[in-house]
Amino acid sequence: MNNKKIAILGAGPSGLAQLRAFEAARLNGVENLPEIVCYEKQSEMGGMWNYTWRTGLDKHGEPVHGSMYRYLWSNGPKECLEFADYSFEEHFGEPIASYPPRAVLKDYIIGRINKQNISQYIKFDCPVRWVTFNDETKMFTVTVMNHKTGKQEVNDFDYVVVATGHFSTPNMPYFKGLEDFPNRVLHAHDFRDALEFKNKEILLIGGSYSAEDIATQCYKYGTKSITISYRTQALGYDWPEGISEAPLITHFEDEIAHFADGTSKRFDAIIMCTGYLFHFPFMPDPLRLETNNCLYPENLYKGVFWQSNPQLIYLGMQDQYFTFNMFDAQAWYARDVMLGKIELPKLDIREKDEKIWLDTYSKVQTVNEEIDFQAAYIRELVDATDYPEFHVEKQGDIFKEWKKDKKGGIMSFREKAYRSTLTNNMAPELPQPWLEILDDSLEHFLHISFEKETNSIPKK
Ligand code: FAD
Ligand code: NA7
């Protein structure tokens, strides 16, 4: 051991990336690795991909982290989130379709971790309660509630890696008259099963990924009518009959919603698809990241190191085109800093670097420019470490195709197939139209994916 101690907060894809990065160093013969503890508030790893039927509070009375719903499918091509050190083909034995359901992606995330016995570092059922930094000892003190023992634990660390995600605490706006709306009002965070809304007329408020995904999913499972109310811009897809868009709500009167264009409609339920708050209740003000959902949060050098104290690292805090491979790129870079392989420059240089990125970001206007911006950010990180090459720019091109494919058919874009930038193999097409695949379990997905060619589910 090099006597350094590292606390990783959260065992979702970002926290697991950090654990995997250190494991990769160990397998490459790096000695004197630091002592690592990962605190996870849930009883399982996988973060957001760990589906839960619970809403509100969990079995320990902690806020439920999960925002994912039962029939969720990947909203972007899997070719753009593939781990560079563990391809989908390596995990499943054969190429699979480009848009897998939730359970398939979770299986893939966990597969990389299980192969290497990384879970030994994770302390489950341990929500982090409070973090402080001592300016004299230059150490953090982390207090966690260990629900397994029923006792609080307090430990000191040289580095703290915050990987607790930012799509969990609902942003819940108020609209006049809402308190008198007699039917169900919920946030996307608490949406679980589209069948709850079968034959109902529902209102979705918000104009981004959650709204479009919950709309298409509810349509798939038999919701009678879906109205999407947007604040800034309509999603503008060629919606099937039964889905429509309206400008923002002005007020509610009993069951009736009134919209800014003077129209009105009665609803059985309202789902707020209004995004999430960055919420770090365990962080004191001087260490707490405050940002909105954007591609380059302020006060982070290289998008990860807390400027005024780079012993504090935030992973995965960007809005995300790229996900798993971006978290890996960040984690490998952070690892090399913690191992002393990369030396951080002084504060003024770090701030200049951040300013250059923020200036570039301020000029970004189109979706394609956003994709290029995030790809360039990842490129810089990847080039500084031994994280394997994964052709992030080519993946950016796939994202640009994805945008076009969604415009071409919001109910069918998941039937498109792309080429892996790792294996160079083409994904097979989804064997049935997405709208017809109601069973999205891992078993069913693998069965319909492989039965044509092999008549069997391949061994993992
Ligand atoms: P998370 O996955 O949120 O994990 C954070 C972890 O930290 C959790 O395990 C949580 O329990 C733990 N934690 C939180 N607070 C504490 C605490 N105080 N103490 C200890 N542990 C704590 N991405 C895609 O690539 N494709 C998709 O199709 C996609 N769909 C999505 C759909 C929805 C509805 C949502 C909400 C997100 C979606 N995402 C998708 C983005 C998703 O957030 C990322 O894929 C990924 O899960 C982010 O990883 P993370 O580790 O940063 O955060
Ligand atoms: P996003 O992408 O952060 O979008 C939030 C949306 O909510 C956005 O369209 C906002 O409108 C809208 N919003 C926020 N506040 C309001 C109010 N007060 N009134 C009306 N509309 C509002 O969150 P999502 O949940 O869609 O997606 C987050 C992740 O989950 C994403 O990565 C997916 O993978 C799943 P705006 O455009 O700002 O006017």
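Indexing begins at 1, ligand by ligand and atom by atom, following the structure's order. Since the structure is predicted, the reported quantities are computational estimates derived from the model, not experimental observations.
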Protein contact to atom 22 (C) of ligand 2 [nearest heavy atom, distance to 0.1 Å]: T274 CG2, 3.6 Å
N or O pair under 3.5 Å between M48 and ligand 1: yes
Option of least heavy-atom distance to atom 27 (O) of ligand 2 (set: S67, C273, S210): S210
Proximity to ligand 1 by part of L81, non-hydrogen separation under 4.0 Å: side chain
Side chain, backbone, both or neither: Y276 near ligand 1, heavy atoms under 4.0 Å: neither
Close N or O approach (S14, ligand 1; < 3.5 Å): yes
Check ion pair K41-E62 (N to O, under 4.0 angstrom): no
Options V142, N325, N75, L105, ranked by nearest heavy atom to atom 28 (O) of ligand 1, top entry: N75
Numbering as shown, the atoms of ligand 2 that approach N75 to under 4.0 Å (heavy-atom distance): 33 (C), 34 (O)
From Q318, R335, Q18, residue fulfilling side chain to side chain donor-acceptor pair (under 3.5 Å) relative to Q330: Q318
Ligand 1 versus L72: contacting region, heavy-atom distance under 4.0 Å: side chain
Pairs meeting criterion salt bridge (Lys or Arg N to Asp or Glu O under 4.0 Å) with involvement of residues 151-170, two or more places apart: K123-E153
Under 3.5 Å: N/O of T323 near N/O of ligand 1: yes
Note: E23-R20 ion pair, threshold 4.0 Å (strictly below): no
Per atom 38 (O) of ligand 2, closest listed option by heavy atom (Q320, E212, R231, H187): R231
Location of contacts on Y174 toward ligand 2, heavy atoms closer than 4.0 Å: neither
Residues that F282 engages under ring-ring contact (aromatic ring centres under 6.0 Å, His included), provided they are two or more places apart: none
Proximal candidate to atom 19 (N) of ligand 1 [heavy atom criterion; set V128, D58, I8]: V128
Identity and distance of the protein heavy atom lying nearest atom 41 (C) of ligand 1: Q320 OE1, 3.6 Å
Exam field: side chain Y108 to backbone Y86, donor-acceptor pair closer than 3.5 Å: yes
Y230 to ligand 2, any heavy atom closer than 4.0 Å: no
Matching residue for R414 among D405, D213, D440 - test: salt bridge (Lys or Arg N to Asp or Glu O under 4.0 Å): D213
